[in-house]
2 protein chains.
Amino acid sequence: MLTQSLNAPAISTQITRGKVAPAPHPVSDQFGAITGHVGLVASEFSYRKDEEIYGEDEPAEYVYQVVSGAVRSYKLLSDGRRQIGAFHLPGDVFGLESGATHRLAAEAIIDTTVRLVKRASLEKAAGTDVQVARKLWAMTASELRHAEDHMLLLGRKTAMERVATFLLEMDRRLAVAGMMALPMCRRDIGDYLGLTLETVSRALSQLHAQGILGFSGARQIVLRNRQRLHNLDA
Amino acid sequence: MLTQSLNAPAISTQITRGKVAPAPHPVSDQFGAITGHVGLVASEFSYRKDEEIYGEDEPAEYVYQVVSGAVRSYKLLSDGRRQIGAFHLPGDVFGLESGATHRLAAEAIIDTTVRLVKRASLEKAAGTDVQVARKLWAMTASELRHAEDHMLLLGRKTAMERVATFLLEMDRRLAVAGMMALPMCRRDIGDYLGLTLETVSRALSQLHAQGILGFSGARQIVLRNRQRLHNLDA
DNA sequence: CGCATGCTTGAACAAACTCAAAGCCCGTGG
DNA sequence: CCACGGGCTTTGAGTTTGTTCAAGCATGCG
């Protein structure tokens with residue numbers, strides 16, 4: 001886990017470009033805000049479902065952005081208990097570290113393509129460009145904000161409140177035309193919310209029975225009443 | 001909570017110095033590493049036990065360092081459930097934000113003196129001095145690391161494991177001559193660990209019965225067997 | 001020295017977990 | 001195109017861990 005810096009590509013799609021897409025980036029494109037600004041070299045890389053992107057405590061050689069797919073960042077206890085700290089969806093940057101190593105491991109939840117840049121080149125850019133330095137700090141601060149909210153959820157919310165929070169978060173982040181297609185299984189959701197997969201399933205069933213959400217298959221969910229869901233979320 | 005930027009001083013000890021202590025700072029002094037470097041103006045301020053230092057979502061006007069005493073940072077749910085995200089002990093910097101507001105509230109656990117600098121002046125310094133910018137990022141990254149470890153604790157550890165982790169953390173951070181004087185009450189510990197105060201008390205009693213720790217009053221604790229405590233911590 | 005606050009302990013309870021089984025999809029291959 | 005198989009999800013029943021509610025105790029502060 002500590003030895004290799006990058007795993008084997010999934011389908012040998014290691015397309016290295018001299019420069020990342022020169023097309024204009026929206027403000028929300030955090031990676032573009034950096035790479036576009038200082039002209040860093042970015043590459044693309046693909047991982048198959050459940051493939052490890054990097055391990056816990058591995059040297060942080062690259063910084064990643066999800067192009068398509070989904071990624072989970074997690075920590076393990078020695079007996080296998082897992083806590084997922086975050087899900088990374090298209091557009092999200094992950095694997096950014098101020099220190100030398102990755103604090104959490106990362107795996108592709110489904111087949112996933114990422115863009116990546118060498119951490120060293122970002123550090124270098126930050127050393128000369130104050131805007132880049134500010135942006136790196138802001139990205140880490142944004143992760144911290146999420147972690148702080150999540151500590152409140154894990155420490156103090158009930159199972160139903162956690163699931164309600166999760167659904168509202170996913171709705172915000174990946175709903176298309178009022179519907180969301182969850183890339184992760186019930187176990188992943190449980191490990192994110194500090195619950196078992198059964199408890200997650202029961203909460204979702206209950207919300208379904210109350211008409212608050214609709215299913216089209218276990219992972220296609222429509223929120224039918226965001227207000228009521230919000231009320232369930234403490 | 002959103003209106004005032006700084007609460008009334010405890011005992012009118014608002015000593016403003018032209019410059020903070022010019023004595024050499026150890027490497028561990030994060031605040032000094034910045035203020036010393038760029039010559040920022042720092043002040044000292046005191047808060048009485050249980051006094052609010054700033055509220056959640058209040059504008060982040062200052063960055064603080066504990067000089068003496070102890071501080072808790074926390075979030076509340078609407079019905080009063082509380083999650084303490086961190087305890088700040090002498091030497092610790094807290095209240096540092098990349099964005100405009102404080103994400104957690106902060107209160108003095110006991111009578112506390114802090115050193116503080118205006119956030120704006122730090123931002124300004126970071127704009128010209130890359131070392132300062134790097135340091136601010138590193139401090140936020142350090143908080144993130146703690147939050148990630150704490151998510152694992154809150155989401156996946158048992159009550160005994162949480163208490164063991166807590167004791168080892170406090171031992172590391174505030175033990176003097178093998179003994180630690182906890183500044184916080186059982187409720188604070190519970191709200192930090194996602195437990196009730198009764199569960200914390202029961203775990204401590206059990207550790208005492210097993211000879212793993214000794215008490216001299218409820219808050220004076222001696223760890224008699226760190227190895228066994230470490231084994232109890234997953 | 002006395003009281004109030006915080007801590008401990010006990011007993012009953014509840015929320016979530018574990019273990020188990022059945023059902024549903026979805027992708028695969030015939 | 002349909003049948004099959006396997007993984008994922010749901011649901012149920014019983015258990016466990018930690019919570020809640022309630023006393024009693026200690027301690028440290030005035």
Side-chain angles (χ1 to χ4, degrees), chain A residues 48-50 70 72 77 79-83 109-111 153-167 181-210 213-221 232 234, chain B residues 48-50 70 72 77 79-83 109-111 153-167 181-210 213-221 232 234:
Chain A
R48 276 165 305 172
K49 178 172 153 61
D50 295 328
R72 55 182 172 249
L77 291 175
D79 63 356
R81 279 173 288 170
R82 182 179 65 161
Q83 179 61 45
I109 296 173
I110 52 178
D111 290 354
L153 178 150
L154 294 170
R156 288 300 179 219
K157 289 189 183 179
T158 66
M160 185 53 82
E161 288 166 348
R162 295 181 200 205
V163 171
T165 303
F166 170 77
L167 288 170
L182 297 178
M184 72 291 284
C185 65
R186 296 293 187 264
R187 177 173 295 279
D188 286 344
I189 299 173
D191 284 351
Y192 179 58
L193 300 179
L195 299 171
T196 60
L197 65 93
E198 293 94 334
T199 299
V200 171
S201 179
R202 279 183 244 273
L204 290 173
S205 295
Q206 197 181 323
L207 292 172
H208 185 225
Q210 292 176 234
L213 58 80
F215 283 113
S216 332
R219 300 195 189 179
Q220 289 273 342
I221 297 180
L232 289 177
Chain B
R48 276 165 306 172
K49 177 171 153 64
D50 296 328
R72 56 183 171 247
L77 291 175
D79 63 357
R81 279 173 288 172
R82 181 179 67 161
Q83 179 61 45
I109 295 173
I110 52 178
D111 289 354
L153 178 149
L154 294 171
R156 289 299 178 218
K157 290 189 182 179
T158 65
M160 185 54 82
E161 288 167 349
R162 294 180 201 205
V163 171
T165 303
F166 170 77
L167 288 171
L182 297 178
M184 72 291 285
C185 65
R186 297 293 188 264
R187 177 173 295 281
D188 286 344
I189 299 172
D191 285 351
Y192 179 58
L193 300 179
L195 300 170
T196 60
L197 66 93
E198 292 95 333
T199 299
V200 171
S201 178
R202 278 183 245 272
L204 290 173
S205 296
Q206 198 181 322
L207 292 171
H208 185 225
Q210 293 175 233
L213 59 80
F215 283 113
S216 330
R219 300 194 188 178
Q220 290 273 341
I221 297 180
L232 290 178

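Below, chains carry the letters A, B, ... as their sequence lines are ordered, and counting in each starts from 1.
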Is the closest side-chain heavy-atom distance between A:F166 and A:L195 below 4.5 Å? no
Find out whether B:T199 and B:M160 are in side-chain contact, i.e. whether some heavy atom of one side chain is under 4.5 Å from a heavy atom of the other. no
Of A:A218 and A:T158, whose nearest nucleotide on DNA chain C comes first from the 5' end? A:T158
By nearest-heavy-atom nucleotide on DNA chain C, the more 5' of A:K157 and A:G217 is A:K157
Is it the case that the side chain of [X] and the backbone of [Y] share a donor-acceptor pair, with hydrogens and angles ignored and the cut-off at 3.5 Å?
X      : Y      : value
A:E161 : A:T158 : yes
B:R186 : B:A218 : yes
B:R156 : A:R82  : yes
A:D111 : A:K49  : yes
A:R162 : A:K157 : yes

Once you round it to whole Å, what is the distance between [atom2] of [N] and [atom1] of [X]?
X      : N      : atom1 : atom2 : answer
A:R219 : D:dT10 : CZ    : P     : 10 Å
A:F215 : C:dG23 : CZ    : C1'   : 15 Å
B:R186 : D:dC25 : CZ    : P     : 19 Å
A:L213 : D:dT9  : CG    : P     : 15 Å
A:D111 : C:dG27 : CG    : C1'   : 14 Å
B:K49  : D:dG30 : NZ    : P     : 11 Å
B:I221 : C:dT8  : CD1   : C1'   : 14 Å
A:Q220 : C:dC24 : CD    : P     : 19 Å

With rounding to the nearest 0.5 angstrom, report the CD1 to OG1 distance, A:I189 to A:T196. 12.0 Å
Residues in contact with DNA chain D, drawn from residues 189-199 of chain A - heavy-atom cutoff 4.0 Å: A:L197, A:E198
Does anything in residues 200-208 of chain A reach DNA chain D, meaning a heavy atom under 4.0 Å, and if so which residues? A:S201, A:R202, A:S205
Could you list the donor-acceptor pairs under 3.5 angstrom formed by side chains in residues 200-208 of chain A, with sequence neighbours left out?
from	atom 1	to	atom 2	distance (Å)
A:S205	OG	A:S201	O	3.0
A:Q206	NE2	A:Q210	OE1	3.4

